[in-house]
Amino acid sequence: MYFSFLNSNISSMNFSLKFLSTSILNRFLATGIQTMKNVLKPPNIRGVVVLNKDTIKKSIDIPCLSIKKESLNSILNIIKQYFLKIEKFKPVQPASEENIDIYMSPEVIRDWSSFPEEIQSALEKLQITKDNFRIVKDFELKYDNFTADDLLKAILPVEKEGMSSFTKVGHIVHVNLREHLLPFKNVIGEILFDKISGCQSVVNKVNIIDNTYRNFSMEVLKGIDNMLTTVKENHCSFKFDFSQVYWNSRLCTEHERIVNMLNKNDVLFDVFAGVGPFSVPIAKKKCFVYANDLNPESYKWLEFNAKSNKISKEYFKSFNKDGKDFIKNEIKEFLPSHIKNDQNIFITMNLPAMAVEFLTHFEGLFQYNELPDFKNPPHIYVYCFVKGDNYLELAKNVVLNSFTCDISQNIVDIFKVRTVSSLKEMMRVTIKLDKDILIGTCRKRKLEAILNSDNKISCLSDDNGQKQEKS
Ligand SMILES: C[S@@+](CC[C@H](N)C(=O)[O-])C[C@H]1O[C@@H](n2cnc3c(N)ncnc32)[C@H](O)[C@@H]1O
């Protein structure tokens with residue numbers, strides 16, 4: 001679950017300040033009626049660093065239709081679009097034994113004539129006319145009626161309000177406040193704590209994510225100091241200490257994409273598994289999963305999550321090793337039997353800042369006779385960050401340059417996973433691992449090709465790794 005102060009998302013529900021809102025305004029513009037678009041926004045609170053909730057109020061006039069209770073069902077579909085939709089407020093309220101009041105958005109409706117003609121005539125057919133319409137004066141909008149988006153937009157410096165983001169992980173809402181927003185940290189903490197459903201703790205990331213285990217130092221801005229939390233993703237639950245391990249809700253869709261690519265009986269080697277967002281749901285599909293993470297805390301929760309999601313040991317093995325050792329030992333040990341069984345084999349390498357550096361360990365991982373022949377090559381999904389408009393080309397080059405042999409024929413897909421920040425893209429590159437790479441003949445081939453280039457001789461390897469010479 002993630003949000004930006006200009007562009008937010010609540011679990012799969014997005015709510016956005018950037019494209020502030022929208023349906024009512026758009027409808028309004030479409031009907032050509034003049035808008036009063038800020039009428040439902042908070043009063044002037046720009047720059048406040050101490051939140052005095054009682055003083056955040058605003059008096060507005062609200063259009064209202066009073067109708068007989070029995071007419072409600074017939075007119076609901078006609079006027080639903082004009083309802084006053086604000087926090088902690090019901091647009092349809094009983095007025096007396098027989099009557100109900102329907103409150104409409106003053107952003108859209110100012111008087112009876114604000115209704116488009118076809119709406120007026122549809123209402124009039126049901127004996128609802130101008131006489132049923134009135135303006136309720138001096139209705140008080142309070143702190144409770146404003147959304148977190150509205151309040152933060154009203155408070156934070158205009159030109160910089162969108163330069164930060166917040167994410168919900170279980171009961172924790174975490175923000176990443178740049179320096180210019182630090183004076184507002186308590187206000188931000190309080191608003192998010194009050195407004196984000198299920199939030200028990202608001203934390204600010206203190207350092208940038210540059211340590212080995214990709215976790216953050218946190219400062220609790222509001223709420224309890226308990227970073228042990230549980231989240232649901234891809235029909236599995238994941239428990240972990242958010243201050244000790246890596247978890248990023250923004251990767252939820254990517255995790256789902258990979259989970260959907262594997263089918264029962266396939267094989268996954270997850271080199272940088274974290275607490276298991278690829279490995280656990282994939283093992284749940286009865287795939288054979290080998291999951292590894294160097295962080296002892298991640299490994300602990302990886303094992304816990306496999307158990308709590310009732311993954312059978314038959315399908316799940318976990319390791320607490322450096323990625324290099326995992327490739328050189330576990331992948332080397334377990335890959336051949338799965339190749340022999342002709343299973344679909346996938347290797348995920350999600351450590352985007354440096355995963356490509358581990359690719360070279362696949363080159364020459366096996367002696368020629370250690371590996372059976374295979375038709376169904378394993379595929380690596382390696383993630384990387386690149387900066388620039390030509391991100392496909394950049395990602396391809398990052399991967400190509402990580403091998404000592406030429407593997408341009410082995411790159412079968414390049415996919416933009418998400419934009420991390422302006423111009424920084426997270427990419428997934430798919431590499432088809434052929435025998436030539438795994439037994440290292442591709443290296444020799446490249447070397448020999450260079451050595452022989454003067455004699456116009458190029459060396460090729462056939463499927464069995466046997467060298468052929470062409471002149
Ligand atoms: C970006 S996280 C990805 C976690 C998980 N796969 C996901 O998609 O959320 C990278 C993980 O790699 C682990 N890690 C960092 N360096 C490592 C290494 N040299 N070997 C193995 N794991 C490592 C970190 O502990 C972290 O859990």
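All of these numbers come straight from a predicted model, not from anything done at the bench. In listed order, ligands and their atoms are each counted from 1. Side-chain atoms are counted along with the backbone in the values below, which use heavy atoms only and exclude waters and symmetry mates.
- Atom 19 (N) of ligand 1 has as its closest protein heavy atom Asp322 OD1, 3.0 Å.
- Residue contacts with ligand 1 for Asn292 involve side-chain atoms from C-beta outward but no N, CA, C or O (heavy atoms, distance under 4.0 Å).
- In terms of protein heavy-atom proximity, atom 15 (C) of ligand 1 is closest to Thr212 O, 3.1 Å.
- The shortest contact between atom 23 (C) of ligand 1 and any protein heavy atom is with Phe272 CD2, 3.5 Å.
- Residues passing the ring pair (Phe, Tyr, Trp, His ring centres under 6.0 Å) test with Phe242, sequence neighbours excluded: His174.
- The closest approach between a heavy atom of Phe358 and any atom of ligand 1 is below 4.0 Å.
- The nearest heavy-atom contact from the protein to atom 13 (C) of ligand 1 is Asp293 OD2, 3.2 Å.
- In this pair, His338 and Tyr290 present their aromatic rings perpendicular. The plane angle is above 60°, beyond the 30 to 60° band.
- Annotation: atom 2 (S) of ligand 1 to nearest protein heavy atom, Tyr246 CD2, 3.3 Å.
- Heavy atoms of His255 approach ligand 1 to within less than 4.0 angstrom.
- Close approach of ligand 1 to Asn295 (heavy-atom distance below 4.0 Å) involves ligand atoms 25 (O).
- Taking the six-membered ring where tryptophan is involved, the planes of Trp247 and His255 are tilted, since the angle between them lies from 30° to 60°.
- Looking at Asp194 and Lys53, a side-chain N of the basic residue comes within less than 4.0 Å of a carboxylate O on the acidic one, giving a salt bridge.
- Ion pairing of Glu219 with Lys185 is present here, as a side-chain N (NZ or NE/NH1/NH2) and a carboxylate O approach within less than 4.0 Å.
- Nearest non-hydrogen protein atom to atom 18 (C) of ligand 1 is Leu294 CD2, 3.6 Å.
- The contact set between ligand 1 and Pro277, taken as ligand atoms under 4.0 Å from a residue heavy atom, comprises 5 (C), 7 (C), 8 (O), 9 (O).
- In terms of heavy atoms, Asp293 sits closest to Ser298 at OD1-CB, 3.6 Å.
- Taking any N or O of Asp270, backbone or side chain, none lies under 3.5 Å from an N or O belonging to ligand 1.
- Not a single ring pair (Phe, Tyr, Trp, His ring centres under 6.0 Å) links Phe362 to another residue, sequence neighbours left out.
- A salt bridge between Lys88 and Asp144 is absent, with no side-chain N of the basic residue lying under 4.0 Å from a carboxylate O of the acidic one.
- The closest approach between Asn350 and ligand 1 falls below 4.0 Å for a heavy atom of the residue.
- Using a 4.5 Å cut-off on side-chain heavy atoms (C-beta onward), Leu151 and Tyr143 make contact.
- By the 6.0 Å contact criterion, CG on Asp389 is open, its count of non-hydrogen atoms from other residues, nucleotides or ligands being 12 or less.
- Only the backbone of Lys321 comes within 4.0 Å of ligand 1, judged by heavy-atom distances.
- Summary of contacts: the protein heavy atom closest to atom 20 (N) of ligand 1 is Gly323 N, 2.8 Å.
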